[in-house]
Protein chains: 2
Amino acid sequence: MNLLFKALGDPTRRQIIDLLRKRDMNAGEIADYFSISKPSISHHLDLLKQANVVLSIKEGQFITYSLNTTVFDEMVKWVIDISDKQTKKAKSKK
Amino acid sequence: MNLLFKALGDPTRRQIIDLLRKRDMNAGEIADYFSISKPSISHHLDLLKQANVVLSIKEGQFITYSLNTTVFDEMVKWVIDISDKQTKKAKSKK
DNA sequence: AAAGTATTTAGATATTTGCCTAAATATATA
DNA sequence: TATATATTTAGGCAAATATCTAAATACTTT
């Protein structure tokens with residue numbers, strides 16, 4: 001959960017997610033969308049991978065990255081849980 | 001959005017959220033749950049306030065903090081949006 | 001108004017993060 | 001096998017973050 005929120009707490013990484021929403025891409029293609037160096041993008045991809053937001057698969061010389069949206073389920077549960085307790089609290093005030 | 005994810009990307013701050021889920025609390029009460037200093041907690045509360053996750057209201061000598069769950073709506077929308085496009089992508093593959 | 005309580009602000013320090021360039025690794029191709 | 005291409009790893013630096021203690025601010029009570 002912490003890795004996930006940390007991964008999402010950076011604009012570049014959210015942009016990468018946004019790109020992968022449309023189609024899978026290899027590291028070089030992703031890097032081309034940004035003005036920062038490839039090693040930096042590689043590092044961002046690593047953090048996204050650690051947070052389980054993206055999956056990577058080696059295809060010959062390339063490494064293709066894809067989104068793994070299932071990790072967001074846990075996050076949404078967390079949010080709903082908080083909102084739920086809040087709703088109960090609000091109700092009990094009446 | 002960035003402030004929100006950054007705010008949530010820290011265990012202490014998520015614990016604070018967890019506490020406020022049950023009931024509103026003043027800064028001192030919150031600080032009592034942690035082994036870090038009051039100024040540090042005060043700083044965490046400030047970040048949560050900046051991210052609009054908590055609201056504060058001065059009650060005499062005390063400052064009471066409460067959760068503002070509406071800020072999560074935008075986040076859930078963001079997640080659903082991503083998952084949605086992913087679903088479409090998956091469908092189009094069939 | 002003086003003293004006590006609650007909280008924040010200020011300033012210092014250590015750690016983490018984001019970025020870079022250079023070098024290493026792995027695969028593909030001439 | 002030598003060279004080119006794709007990506008990562010390593011090492012370093014600057015900015016951001018998390019923490020601390022000491023001091024300031026604001027309110028309450030005696």
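Labels below follow one simple rule: chain letters A, B, ... track the order of the sequence lines, proteins then strands, and each chain is numbered from 1.
- Contact annotation for D10(B): backbone-only contact, meaning every heavy-atom pair under 4.0 Å involves sugar-phosphate atoms and none involves a base.
- Rounded to whole Å, atom P of dG18(C) lies 11 Å from atom CG of L48(A).
- If you take CD1 of I57(B) and C1' of dC27(D), they are 15 Å apart, rounded to a whole angstrom.
- At whole-Å resolution of the value, CD1 in I36(A) and P in dA14(D) are 19 Å apart.
- In terms of phosphate contacts, N26(B) brings a side-chain nitrogen or oxygen within less than 4.0 Å of OP1 or OP2 of dT7(C).
- Nucleotide dT5(D) holds its P atom 14 Å from the CG atom of D32(A), rounded to whole Å.
- Here the P atom of nucleotide dA26(D) and the CD atom of E59(B) are 19 Å apart, to the nearest Å.
- Taking atom CZ on F34(A) and atom C1' on dC20(C), their separation rounds to 17 Å, with Å as the unit.
- One finds no side-chain N or O of S42(A) lying less than 4.0 angstrom from the OP1 or OP2 phosphate oxygen of dT7(D).
- Relative to the side chain of I63(B), the nucleotides dT8(C), dT9(D), dT19(D) differ in distance, and dT8(C) lies closest.
- The closest side-chain heavy-atom distance from E59(B) to I57(B) is below 4.5 Å.
- Nucleotide dT7(D) holds its C1' atom 17 Å from the CE atom of M25(A), rounded to whole Å.
- Aromatic ring orientation, F72(B) versus W78(A): perpendicular (interplanar angle above 60°, classes split at 30° and 60°).
- An OP1 or OP2 oxygen of dG18(C) is reached within less than 4.0 angstrom by no side-chain nitrogen or oxygen of S40(A).
- Straight-line distance from the NZ atom of K58(A) to the P atom of dT5(D): 18 Å, rounded to whole Å.
- With salt bridges taken as basic N to acidic carboxylate O contacts below 4.0 Å, one links K22(B) and D18(B).
- Phosphate contact (OP1/OP2 of dT17(C), side-chain N/O of K6(A), threshold under 4.0 Å): present.
- Residue H44(B) is classed as a sugar-phosphate contact, given heavy-atom separations below 4.0 Å to backbone atoms only.
- Checked for salt-bridge contact, D81(A) and R21(B) meet the test: a charged N lies under 4.0 Å from a carboxylate O.
- For the OP1/OP2 pair of dA6(D) and a distance below 4.0 Å, the side-chain nitrogens and oxygens of Y65(A) include no atom meeting the criterion.
- You'll find that the side chain of H43(B) is closest to dA18(D), out of dG18(C), dA18(D), dA6(D).
- Between the side chain of Q61(B) and the base of dT28(D) there is no donor-acceptor pair of N/O atoms closer than 3.5 Å.
- Partner of D46(A) under the side chain to side chain donor-acceptor pair (under 3.5 Å) criterion, out of Q50(A), H43(A), H44(A), K49(A): Q50(A) alone.
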